[in-house]
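A, B, ... follow the sequence lines: proteins, then strands. Residue 1 opens every chain.
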Amino acid sequence: MLTLQFEDGTVRLDGLSESGLSAADLPGVEADERSLVARAPAHRYAALRDALDERGVEYEDRVLPAERLDLTHSYDLRDYQREALDAWRANGDRGVLELPTGSGKTVIAVAAIAALGVPTLVVVPTVDLLEQWRRELETEFEVPVGQFGGGEQTREAITVSTYDSAYLRAEDVGGDFGFVVFDEVHHLGGEGYRDVGRLLAAPARLGLTATFERPDGAHEVVAELVGPKVHELSVDELAGDHLADYEVRRVEVELTPEEREAYEDAQGTFVEYLKRSNLSLNSGSDYRKLVMRSGSDPRAREALLAKQRARRIMMNSDAKVAKLASILDRHRGDRVIVFTAHTDLVYRLSERFLLPAVTSETGAAERREILDRFRDGTYSRVVTANVLDEGVDVPDANVAVLLSGSGSEREFTQRLGRILRPKRDGGSATLYELVSVETAEERVADRRR
DNA sequence: TTGACTCAACATCCTTTGCTACAA
DNA sequence: TTGTAGGTTTCCATGTTGAGTCA
């Protein structure tokens, strides 16, 4: 009889010819001439089973453990969480939920894990999230929870892993879990990380994110591996009820005459090169082309370096620092997070306004201390580059100041999410976006919205 | 166990005007 | 005539992370 089993990130089919089928009849299956076995990538397991069932073929399925888990949880799902869960279940326990930061995505995942009651792997991007999920799952289900990553490699029926560790372990453990939850699932589109999705056999798959679409189009890969987006809710749909009301204020500032001169000079060098070399920039891939050219063409390299200088000038202008002073003054009693695009500006602001600073250079212990003090109210302000965008448990604030940032919609959404947790006094949140007028930053700011 | 270090991976990095070939 | 898509495979810089190694 035909048997299916997990082997090194694939589903191995033995006895295929005896069952009267050929590899071409089944999704993703290829016959290995030398070893006389047929295999499919592990992620095709669910489709493979469906195809066999449809044809009425008998087979012995040894891919996943038969283990069932009896799990209960204490959550009472909100209406929108219930709707999201139902939409995912209706799609055959596959798909992505796009929900804003702070809307309780973990709660939905916990409910899904309890509902399915099969061994589950939760994949997350950072060690910080790894620890949060592990605590959450241990408290909720009162079972031991395994961990891949952060210096630990323990496997349990419910296990939490970083994407990096999952990438390293997937070939071994890909047949151990019937359900996989990808937190911040947009990461799965990364060139290497997508293999995690391919090497796991889990038929049930849930992706969670606040921003599904990727500028490079790789969300289509994610949809292929996890399932399509089955439910989405915008910040605006939850603002006022389950999230704080908010306001985005764009503040335009002028460059100083010296900055203007330096900016025009640098930007001019860049634009001039584009004209001379007959290059048009219509998309990110055109830009990559330019980057490639800069590897061999010194003038292209100089043009890119000039572009860097122009960016620094418009993003870190004196007027922005002055404006920040007045914003901080206006929000004396508030909890403020200041975001920049460059670490050296973080340290400059930290020194000038006596703000605690968090960057990638801040050690784990110091970072924890700063965030703890921000949480208990000892600090009411903090300045950071990109560290606190995602994957870190950041205490809530009610004012965010975007001194500078990229054109990424994801980055903007994540930063906005930092001030959206409902306020105890029912108050609303404010996001200031500082933009240098008559610079490329106006376009950058438009792009992210 | 910790801290300092290296390494690899990931993400963003984008002008403002109009050329050319091809399909509807 | 009008509207629209058009070829690409390594990598200028900066910021951030996780894993691994070693003392």
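- Checking the phosphate oxygens (OP1, OP2) of B:dA11, no side-chain nitrogen or oxygen of A:Arg410 falls inside 4.0 Å.
- Rounded to whole Å, atom P of B:dA11 lies 10 Å from atom CG of A:Leu188.
- Positionally, the nearest nucleotide of DNA chain C for A:Leu304 lies more toward the 5' end than for the other of A:Gly150 and A:Leu304.
- With rounding to whole Å, A:Glu213 atom CD is found 18 Å from B:dT12 atom C1'.
- A salt bridge between A:Arg135 and A:Glu131 is absent, with no side-chain N of the basic residue lying under 4.0 Å from a carboxylate O of the acidic one.
- For the C1' atom pair drawn from C:dT21 and B:dT1, the interatomic distance equals 15 Å after rounding to whole Å.
- Distances from the side chain of A:His342 to the nucleotides B:dT15, C:dT16, C:dT14 place C:dT14 closest.
- Distance noted for atom C1' between B:dT12 and C:dC11: 13 Å (whole Å).
- Residue A:Arg214 is classed as a sugar-phosphate contact, given heavy-atom separations below 4.0 Å to backbone atoms only.
- For A:Pro215, taking side-chain heavy atoms from C-beta onward, the closest of the listed nucleotides B:dT15, B:dT12, C:dA13 is B:dT12.
- For the OP1/OP2 pair of B:dC13 and a distance below 4.0 Å, the side-chain nitrogens and oxygens of A:Arg288 include no atom meeting the criterion.
- At a threshold of 4.0 angstrom between heavy atoms, the contacts of A:Leu290 with the nucleic acid are absent.
- Comparing A:Ala385 and A:Ala166 along DNA chain C, the residue whose closest nucleotide (by nearest heavy atom) sits nearer the 5' end is A:Ala385.
- Relative to the side chain of A:Val387, the nucleotides C:dT9, B:dT12, C:dT17 differ in distance, and C:dT17 lies closest.
- A:Arg348 approaches A:Asp318 most closely through the heavy-atom pair NH2-OD1, 4.4 Å.
- A tilted orientation is assigned to the rings of A:Trp88 and A:Phe179, their planes being inclined by 30° to 60°.
- Against DNA chain C, the stretch residues 305-313 of chain A makes heavy-atom approaches under 4.0 Å through A:Leu305, A:Gln308, A:Arg312.
- Note on A:Glu442: nothing from the nucleic acid sits closer than 4.0 angstrom, heavy atoms only.
- A salt bridge links A:Arg198 with A:Asp195; the closest basic N to acidic carboxylate O contact falls under 4.0 Å.
- Taking the P atoms as reference points, B:dT17 lies 22 Å from C:dA5, given to the whole Å.
- Distances were taken from every side-chain heavy atom of A:Arg447 (C-beta onward) to each of B:dC13, B:dT12, C:dG20; the shortest belongs to B:dC13.
- Residue A:Glu191 is classed as a sugar-phosphate contact, given heavy-atom separations below 4.0 Å to backbone atoms only.
- Within residues 351-372 of chain A, the residues approached by DNA chain C to less than 4.0 Å at the level of any non-hydrogen atom are A:Thr359, A:Ser360, A:Arg367, in residue-number order.
- Listed pair A:Thr162 / C:dA19 meets the phosphate criterion, a side-chain N or O lying under 4.0 Å from OP1 or OP2.
- The aromatic rings of A:Tyr432 and A:His331 lie perpendicular to each other, with more than 60° between the two planes, well past the 30° mark.
- Across the P atoms, B:dC22 and C:dG7 are found 10 Å apart, a figure rounded to whole Å.
- The distance between atom CG of A:Leu168 and atom P of C:dG18, rounded to the nearest whole Å, is 13 Å.
- Going from atom OH of A:Tyr273 over to atom CG of A:Asp297 covers 4.0 Å, rounded to the nearest 0.5 Å.
- For A:Gln267, a side-chain nitrogen or oxygen approaches OP1 or OP2 of B:dT15 to under 4.0 Å.
- Counting any heavy atom pair closer than 4.0 Å across all strands shown, A:Ala300 reaches no nucleic acid atom.
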task = Show the numbers, then the answer: is there a salt bridge (Lys or Arg N to Asp or Glu O under 4.0 Å) between A:Asp329 and A:Arg332?
result = CA-CA 5 Å; A:Asp329 206 38; A:Arg332 271 173 194 286; 2.5 Å; yes
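- Salt-bridge annotation for A:Asp344 and A:Arg312: present, with a side-chain N of the basic residue lying under 4.0 Å from a carboxylate O of the acidic one.
- Nucleotide B:dG3 forms a Watson-Crick or G-U wobble pair with C:dC22, both donor-acceptor distances falling under 3.5 Å.
- Taking atom P in both C:dG15 and B:dC14, the straight-line distance is 15 Å, to the nearest Å.
- Between A:Met292 atom CE and C:dC12 atom P the separation is 11 Å, expressed in whole Å.
- A salt bridge links A:Lys423 with A:Asp396: the distance from a Lys NZ or Arg NE/NH1/NH2 to an Asp or Glu carboxylate oxygen falls below 4.0 Å.
- Along DNA chain B, the nucleotide closest to A:Phe270 and the one closest to A:Glu409 are compared, and the more 5′ of them pairs with A:Glu409.
- Computed from coordinates, the A:Gln414 CD to C:dG15 C1' distance equals 14 Å when rounded to whole Å.
- Across all non-hydrogen atoms, the minimal contact from A:Ala266 to A:Arg309 is CB-CB, 4.1 Å.
- Across C:dT14 and B:dT15, the matching C1' atoms stand 22 Å from one another, rounded to whole Å.
- In this structure, the side chain of A:Thr340 does not engage the main chain of A:Leu403 through any donor-acceptor pair within 3.5 Å.
- Remark: A:Ser165 is in phosphate contact with C:dA19, judged by side-chain N or O atoms under 4.0 Å from OP1 or OP2.
- Residue-to-nucleotide proximity on DNA chain B shows that, of A:Met315 and A:Val271, the 5′-proximal contact is made by A:Met315.
- The same atom, C1', is picked in B:dC10 and in C:dT10; the two are 15 Å apart, to the nearest Å.
- At the phosphate of C:dT17, neither OP1 nor OP2 sits under 4.0 Å from any side-chain N or O atom of A:Thr126.
- Residue contacts shown for A:Val291 include a base, since a base heavy atom lies under 4.0 Å away.
- Between A:Glu441 and A:Arg448 there is no salt bridge, since no side-chain nitrogen of the basic residue lies less than 4.0 Å from a carboxylate oxygen of the acidic one.
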